[in-house]
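These notes concern the structure reproduced below.
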Amino acid sequence: REEMEGWVADGDLRHLGVAFSRDTPAKEYVQDKIREAGRLVWEAFEAGGVVLVSGASEKMPNDVRKALVSVVAAHAPADEEAAEAYMKRVEAQRRYLQDTWS
């Protein structure tokens, strides 16, 4: 985490959002953080940016992807089908990446 915070300080990374569902009394989930930062996520995609999500591979990847589709739908604006197609293009361009483990 410290290394990534250094990237933000150096200007190499525009935004670092973290969520801890196990380490804190108040559960924070990645998908909730993505929805909260929806405008920023949308602007990153539109500017050609890359979004990297890292975490457990159980439910998180599917829940995060659903959150991203809802962000696209809200900010494009687009219906769910168009938002899904947008996300497929972003994934094909390798601008939405997941680093997951079990």
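All values reported here derive from a predicted model rather than from experimental measurement. Heavy-atom basis, side chains included; hydrogens, waters and symmetry copies ignored.
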Original post:
Looking at residues at least two apart in the chain, or sitting in another chain, which of them share a side chain to side chain donor-acceptor pair (under 3.5 Å) with Gln98?
Top reply: Tyr96

**OP:** Could you note down all residue pairs passing side-chain hydrogen bond (donor to acceptor under 3.5 Å, both in side chains) where residues 65-74 supplies at least one of them, sequence neighbours left out?
**Re:** Arg65-Glu84, Arg65-Glu91

Original post:
Does Ser57 reach the main-chain N or O of Trp101 with its side chain, forming a donor-acceptor pair under 3.5 Å?
Top reply: yes

**OP:** Say whether Ile34 and Leu40 are linked into one hydrophobic cluster, either directly or through other cluster members, by side-chain heavy-atom distances under 4.5 angstrom.
**Re:** no

**OP:** Using the test side chain to side chain donor-acceptor pair (under 3.5 Å), find all partners of Glu58 that sit at least two apart in sequence or belong to another chain.
**Re:** none

Subject >> Over all atoms of both residues, closest heavy-atom pair of Ala83 and Ala73 >> reply: CB-N, 3.7 Å

Subject >> Val41 vs Arg35, side-chain contact (heavy atoms from CB on, under 4.5 Å): CA-CA, chis, key distance, verdict >> reply: CA-CA 9 Å; Val41 171; Arg35 286 186 186 98; over 6 Å; no

Original post:
Among all residues two or more places apart in sequence or in another chain, which pass the ring pair (Phe, Tyr, Trp, His ring centres under 6.0 Å) test with Tyr29?
Top reply: none

Subject >> Distance-only polar pair, side chains of Glu46 and Tyr86, donor-acceptor under 3.5 Å >> reply: yes

Can I get a per-line list of side-chain donor-acceptor pairs under 3.5 Å for residues 2-19, giving both atom names and the distance, sequence neighbours left out?
residue: Glu5; atom: OE2; partner: Arg1; partner atom: NE; Å: 3.0

Original post:
Distance-only, no hydrogens or angles: does the Ser54 side chain make a donor-acceptor pair with backbone N or O of Asp99 under 3.5 Å?
Top reply: yes

Subject >> Arg95 side chain to Val90 backbone, donor-acceptor under 3.5 Å >> reply: no

Original post:
More than 12 foreign heavy atoms under 6.0 Å from NZ of Lys27: is that the case here?
Top reply: yes

**OP:** Taking the side chain as every heavy atom from C-beta outward, state whether Glu80 and Val69 have any atom pair closer than 4.5 Å.
**Re:** yes

**OP:** Tell me, with the steps shown, if Asp32 and Val30 meet side-chain contact (heavy atoms from CB on, under 4.5 Å).
**Re:** CA-CA 5 Å; Asp32 298 329; Val30 176; over 6 Å; no

Original post:
Other hydrophobic cluster members with Leu97, side-chain heavy atoms of Ile/Leu/Val/Met/Phe/Trp/Tyr under 4.5 Å, chained?
Top reply: Val50, Leu52

Original post:
Can you check whether His75 reaches Val71 side chain to side chain, under 4.5 Å on heavy atoms?
Top reply: yes

